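It should be emphasised that the depicted structure is a prediction, and the values quoted were computed from it without experimental measurement. Chain letters run A, B, ... following the sequence lines, proteins first and then strands; every chain starts at 1.
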Amino acid sequence: MPLDSTFTGQSFKSVGTRPLRPDGIDKVTGRAKYGADHNVAGQLVGRILRSPHAHAKIRSIDTSKAEKLAGVKAVITAADLPDLTNGDSGMFDILDNCMARTKVFYDGHAVAAVAAIDAHTAKAALKLIKVDYEILPHVTEVDEAVKPKAPILHKNCFTEGVEPKPTKPSNIAKVTEFGHGDVEAGFAEADFIVERNFKTEQTHQGYIEPHACVASVSPDGTGELWVCTQGHFVYRNHCAMLLGMDVSKLRVTSSEIGGGFGGKTHVWAEPVALALSRKANRPVKLVMTREEVFRASGPTSATSIDVKIGIKKDGTITAGSAELRYASGPYLSMWAELGAMTSFACYDLKNVKTRGYEVLVNRPKSAAYRAPSAPMAAFAVESVVDELAKKIGKDPLEVRIQNAAKQGTKSSYGPVYGPIGIGATLEAAKKHPHMSAPLGPNQGRGYACGFWFNFGGQTCTDINVGQDGTVTLTVGTVDVGGSRASLALCVAEELGIPYNQVKAIVADTSSLGHNDMTDGSRGTFSSSMAGIFAARNAVAILKERAAKMWEIPVDDVSWEDGHAKAVGEKYGNLAPLSLKDIAAAAANTGGPIAGHAEIVADGAGVSFATHICDVEVDPETGRSVIKRYTVIQDAGKAVHPTYVEGQYQGGAAQGIGWALNEEYIYGKDGRLQNAGFLDYRIPVCSDLPMIDTQILEIPNPNHPYGVRGVGETSIVPPIATIANAMSNAFGVRMTHVPMSPPRVLKALEAAAKS
Amino acid sequence: MAVLVSTTINGDAVEFACEPDETLLDVLRNRLGLTGSKEGCATGDCGACSVEVDGRLICSCLMLGVEAEDREIETVEGMADGATLHPLQTKFIEHAALQCGVCTPGFLVAAKALLAKNPDPSEEEIRFGLAGNLCRCTGYDKIVRAVQDAAKEMRGA
């Protein structure tokens with residue numbers, strides 16, 4: 001029973017309500033401590049020297065002058081971070097990315113670092129480090145990097161996943177393939193086929209808080225790391241391995257996190273800060289500048305995607321195929337693979353085939369960005385589905401409903417779906433008032449669907465009952481947007497006590513067992529499951545204690561509404577004992593009362609959404625304005641509906657920025673030209689309308705309360721939704737994102753000529 | 001050479017010494033322990049460091065610490081009256097106008113400055129009034145609603 005994750009279908013008292021978040025006052029008064037808000041006695045200031053070149057050999061690094069500067073306490077290079085990865089190529093790539101070893105692979109790649117008594121001295125010291133580079137030809141564009149004559153980043157990169165194994169190195173690190181059926185036979189059955197190439201430019205998660213940490217390593221091999229991260233346990237494992245420390249001796253505390261969206265799942269500066277601290281024997285604070293965040297953290301991939309879909313006149317999609325090239329930065333990743341898996345996941349297809357190409361380029365190492373890789377693939381597929389619907393003269397929404405995946409569908413990436421929400425979101429869209437609202441001149445309406453897997457993973461959670469009967473819920477998943485409230489709601493529900501009686505905290509790595517990151521929309525899904533299990537274990541103990549207090553067999557005790565009750569007429573005179581009553585007596589009935597759960601949270605239910613958007617395009621300037629936006633998404637069960645709405649709105653806003661404005665711009669010299677918020681423009685308040693949301697609840701059968709992850713899916717449909725709306729506004733299919741004014745103007749001019 | 005500066009922060013007389021090239025934000029955060037104001041960009045683009053100087057909304061990353069001499073500075077730490085939150089603070093929590101919360105201090109200071117000038121702003125006026133502050137989590141919907149609600153309460157409507 002305690003570890004049974006089956007959906008119970010119970011009615012709720014706490015779950016589904018909208019209480020105030022427990023960290024609210026700290027965050028509106030400035031008390032909450034983020035990465036850069038922490039200081040320790042004796043700390044030094046760390047700074048990193050970065051490559052100005054996109055691709056170069058490091059001939060030598062002379063740090064002698066910097067070391068002699070008064071106030072400099074440590075200077076490090078790759079020599080201070082020796083390779084301890086023992087053949088683990090993924091970890092070696094992380095090491096090489098943290099501090100370049102023999103070559104630099106992008107503008108911004110770290111080559112050395114200093115720790116000094118203040119920022120002035122640290123900056124001056126960086127200028128005294130002399131790096132002798134041999135500049136190499138570079139390639140930053142994904143379609144250029146796959147050409148046979150492209151500059152090769154790694155001479156030992158022979159494409160994985162193809163037979164026979166290539167004999168020549170290339171920038172295609174890996175190829176993955178998914179699908180079923182016979183796509184050629186499917187295309188032969190089609191009445192219409194559309195085949196197109198789509199491009200998306202590289203974007204950044206754009207979290208407002210730059211990466212920041214305070215590292216402290218002692219000569220006895222112990223260490224402390226304060227850091228803004230989505231996963232302090234994973235940071236601990238990675239840092240310990242790279243530094244040669246014992247995992248248990250490195251205590252990592254996650255600060256409040258000022259946004260992550262996948263970008264804080266990866267170590268960059270933290271191993272450097274620890275190495276500086278170890279060398280200087282002093283704590284080191286290392287905070288990235290915004291320019292460093294853009295140049296040298298982990299933006300998402302630029303992509304080039306070829307899609308081909310066939311359809312019958314009756315609306316049946318007969319086959320779909322896609323070749324997806326995702327820029328990975330200089331190291332192997334799985335971003336094209338995720339694109340290949342997600343591209344057709346919304347549909348029930350007899351014949352489907354996708355191939356993903358992980359392409360190495362001289363740009364920063366790509367990291368996860370909210371439903372990583374799915375938005376670009378959805379842009380390509382959903383654009384073509386829209387176009388095909390028009391070709392056969394059918395409503396694009398009806399075509400989607402006709403072909404939507406359902407329970408029992410074999411998904412394009414393999415598994416067979418359980419109960420899912422794609423059909424329900426499409427039907428809800430059809431009925432939504434937004435669909436019948438009038439459009440003005442130069443306006444178009446579009447819609448698109450999106451899918452995300454969601455993830456569960458390793459989770460460890462504690463519940464401790466205080467002597468007054470209040471409950472501490474200790475979790476190890478970082479709270480990125482209100483999860484402490486939703487987790488406290490679930491535990492209050494399970495214990496049958498009020499929300500205000502539960503205080504949720506995020507523990508450091510020495511206080512709890514391992515927890516995976518808050519990624520894959522897993523925070524509330526997995527920690528609520530572990531929290532519910534821990535609560536059930538605590539209830540078992542509470543019942544034992546009540547039995548002791550009453551001196552009756554524990555089998556005669558039940559737990560209802562936060563009270564132990566003696567079951568049976570013979571106990572008619574025993575008044576129920578509240579959690580508070582039992583807690584007060586704990587010292588005499590066996591001591592502290594706690595519940596623990598250590599699980600791999602399997603069964604994260606997949607998530608689907610349908611978005612509707614009205615866009616207005618100025619034909620003179622090419623500027624687009626979003627006039628109205630609606631998000632419809634399946635939450636499984638919305639634990640705290642206000643924060644679920646917030647996730648829907650936030651993802652949509654990021655998608656709008658991606659669709660209309662945001663892009664990394666590299667010069668011919670391979671240098672990033674817009675490493676700041678002025679030139680990399682994310683949406684501001686005056687750019688957006690209100691974003692309407694509709695929460696659907698199709699319970700996840702694998703979670704006791706039916707919860708699915710809700711954080712990521714909302715960024716998947718917007719690019720395609722807006723592209724489809726634009727196509728309806730002025731009759732031109734946009735195939736290159738962002739659909740910025742110059743691109744829109746060019747498309748309008750091309751359409752006018754034809 | 002450090003310069004000695006006398007100023008008023010959140011109603012308190014404050015003296016500090018700072019280098020001539022230190023920003024007001026550096027001084028607030030690193031010398032005075034007022035870390036409620038955040039550095040998101042250091043170029044005046046994100047508004048996370050918003051403070052009021054003599055009643056005027058500014059990015060504290062764009063003002064030097066030495067320029068604070070004889071000024072009246074208000075930061076997010078001065079918004080609440082003891083245990084009583086400012087209506088904007090209350091409404092931000094009630095409306096879930098914050099997710100990660102790192103932009104929140106800047107938004108609160110900017111919204112307070114906006115409502116001081118215009119107690120009854122339209123949605124559009126709120127959106128343009130807050131366009132100097134970046135939020136990446138919320139899509140601004142709940143922020144705008146919180147400001148509307150706070151404005152209504154402050155007007156006694």
Value rounded to 0.5 Å, distance of CD1 in A/Ile208 from CG in B/Leu134
5.0 Å
Taking side chain as everything from C-beta outward and backbone as N, CA, C, O, which of these in [X] sits under 4.5 Å from a heavy atom of chain B? Side chain, backbone, both or neither.
X: A/Thr29; value: both
X: A/Tyr648; value: neither
X: A/Glu256; value: neither
X: A/Ile257; value: backbone
X: A/Ala36; value: both
X: A/Ile656; value: neither
X: A/Pro19; value: neither

Side chains of [X] and [Y] in contact at under 4.5 Å (non-hydrogen atoms):
X: A/His120; Y: B/Asp21; value: yes
X: B/Tyr140; Y: A/Ser686; value: no
X: B/Arg136; Y: A/Gln205; value: no
X: B/Lys142; Y: A/Thr642; value: yes
X: A/Thr289; Y: B/Glu39; value: no
X: A/Glu645; Y: B/Asp141; value: no
X: B/Gln99; Y: A/Gln647; value: yes

Against chain A, label [X] side chain, backbone, both or neither, depending on which of its atoms sit under 4.5 Å from a heavy atom there.
X: B/His95; value: backbone
X: B/Thr138; value: backbone
X: B/Leu85; value: side chain
X: B/Glu19; value: side chain
X: B/Ala42; value: neither

Residues A/Tyr34 and B/Cys100: closest non-hydrogen pair is OH-O, 2.7 Å
Are the side chain of A/Arg21 and the backbone N or O of B/Leu98 linked by a donor-acceptor pair below 3.5 Å?
yes
Checking salt bridge (Lys or Arg N to Asp or Glu O under 4.0 Å) for the pair A/Asp37/B/Arg29: CA distance, chi angles, key distance, verdict?
CA-CA 8 Å; A/Asp37 298 339; B/Arg29 291 181 52 82; 2.8 Å; yes
Determine whether A/Val28 and B/Ile93 satisfy the following criterion, side-chain contact (heavy atoms from CB on, under 4.5 Å), listing intermediate values before the conclusion.
CA-CA 8 Å; A/Val28 298; B/Ile93 301 175; 3.8 Å; yes
